[in-house]
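Heads up, the thing below is written out as structure tokens.
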Amino acid sequence: MLAGRVDEVAPRLLGARIASWVDTSPVALRVVEVEAYGGEDDPASHACRGATGRNLAMFAEPGTAYVYFSYGVHWCLNVTVGPAGRAGAVLLRAGEVVTGIEVARDRRTPPSGRPPRDRDLARGPGRLTQALGVSRVHDGTDLLDGGSVVRLTLPDVAVAEYLCGPRVGINRAADRPWRFWLPDEPAVSAYRGGTGTRGERSER
DNA sequence: CGTGCGATTATCT
DNA sequence: GATAATCGCACGC
């Protein structure tokens with residue numbers, strides 16, 4: 001199910017479970033927001049100009065973790081999609097903590113600061129990786145292998161309904177509605193784009 | 001509550 | 001040397 005077109009696969013990851021056992025502490029999230037990124041056909045993708053050292057995992061087997069460093073500050077976690085050799089990935093943008101909330105809270109509490117509200121623990125791609133304890137070392141992990149430190153469990157059934165709209169924080173191909181999220185979920189990240197365009201209702 | 005801006009660094013040109 | 005798939009805080013309404 002991860003082998004198809006990235007913009008068709010992405011919404012099917014809504015409701016999936018992403019779990020980590022970093023430092024032996026389990027934390028699990030229910031995925032509530034994702035974005036699709038393609039290959040040469042997608043000007044906004046890291047893989048738009050072919051393979052490089054950083055984006056190599058985007059060309060790997062579907063279900064591989066692609067982790068990259070963003071804005072000199074944050075790590076972001078993608079699930080590789082599409083046949084091996086062809087670039088494609090789904091960025092996990094936000095999740096709801098369902099297991100290990102104390103550990104997630106610890107990781108997200110700044111030194112000498114207060115913990116964020118529960119709904120903000122994994123609200124946004126940088127916060128999501130921080131809550132899970134995911135970083136560079138997890139780049140290339142097989143997320144479908146039950147022995148991996150970071151694992152993805154696909155939904156048993158596709159969600160009944162989701163919304164879609166433009167991807168956040170990109171300049172090119174801004175017209176593609178390749179951001180997908182669940183309705184009425186407090187953990188969905190705030191839209192930070194400039195236009196205020198709203199997502200449209202979809203079926204399934 | 002919404003908008004604006006600076007931080008910080010791996011990666012690529 | 002420029003850029004970036006972000007975040008948190010400051011400020012104004």
Side-chain angles (χ1 to χ4, degrees), chain A residues 5-7 9-11 13-14 18 29 31-60 64-82 87-95 97 104-140 143 163-181 186-199:
Chain A
R5 268 177 45 181
V6 67
D7 57 312
V9 171
L13 290 179
L14 293 172
I18 184 82
L29 312 176
V31 176
V32 299
E33 179 184 357
V34 298
E35 277 177 5
Y37 287 90
E40 278 90 351
D41 58 324
D42 181 3
S45 171
H46 287 164
C48 68
R49 297 206 160 185
T52 67
R54 171 176 67 166
N55 68 19
L56 208 53
M58 285 187 74
F59 294 81
T64 303
Y66 166 46
V67 181
Y68 71 93
F69 198 50
S70 176
Y71 289 92
V73 185
H74 303 284
W75 298 99
C76 294
L77 172 62
N78 294 253
V79 179
T80 297
V81 163
V90 173
L91 171 67
L92 303 183
R93 285 195 55 89
V97 179
R105 218 178 265 140
D106 284 348
R107 291 187 177 135
R108 289 273 295 117
T109 301
S112 68
R114 297 170 58 84
R117 301 202 303 176
D118 287 350
R119 60 192 263 177
D120 292 334
L121 288 174
R123 189 184 193 216
R127 295 161 168 173
L128 180 144
T129 54
Q130 196 179 352
L132 288 172
V134 163
S135 68
R136 172 79 215 224
V137 300
H138 304 107
D139 187 44
L143 298 171
L163 305 178
C164 64
R167 293 174 286 185
V168 174
I170 58 165
N171 306 310
R172 293 178 285 196
D175 54 320
R176 296 189 193 187
W178 280 13
R179 176 189 180 216
F180 306 90
W181 65 95
V188 170
S189 69
Y191 183 73
R192 291 175 185 268
T195 66
T197 305
R198 301 191 49 178

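Source: prediction; values computed, not measured. Below, chain A is the first sequence line, B the second, and so on; all start at residue 1.
Between A:Glu35 and A:Arg93 there is a salt bridge, since a side-chain N of the basic residue sits under 4.0 Å from a carboxylate O of the acidic one.
Look at A:Arg123 and you won't find any side-chain N or O under 4.0 angstrom from OP1 or OP2 of C:dC7. Taking side-chain N and O atoms only, A:Arg136 has a distance below 4.0 Å to OP1 or OP2 of B:dT11. Within the structure, a side-chain polar atom (N or O) of A:Thr52 is placed less than 4.0 Å from OP1 or OP2 of B:dC12. OP1 or OP2 of C:dA4 has not a single side-chain nitrogen or oxygen of A:Arg167 nearer than 4.0 Å. Taking 4.0 angstrom as the limit, A:Arg172 places none of its side-chain polar atoms (N or O) nearer than this to OP1 or OP2 of C:dA5.
The aromatic rings of A:Tyr68 and A:His46 sit perpendicular to each other, their planes meeting at more than 60°, with 30° as the lower class boundary.
Within the nucleic acid shown, A:Phe69 comes within 4.0 Å of sugar-phosphate atoms alone, with no base atom in reach, counting heavy atoms only. Looking at heavy-atom distances under 4.0 Å, A:Asn171 makes contact with sugar-phosphate atoms alone, never a base. Contacts of A:Ile170 with the nucleic acid, taken as non-hydrogen atoms under 4.0 Å apart, involve only primed sugar atoms and P, OP1 or OP2.
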Could you summarise the pairing of DNA chain B as dot-bracket text, marking Watson-Crick and G-U pairs under 3.5 Å with ( ) or [ ] inside the strand and | across strands? |||||||.||||.

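Listed by chain and residue number, nothing satisfies the ring pair (Phe, Tyr, Trp, His ring centres under 6.0 Å) test with A:Tyr37 (two or more places apart in sequence, or in another chain).
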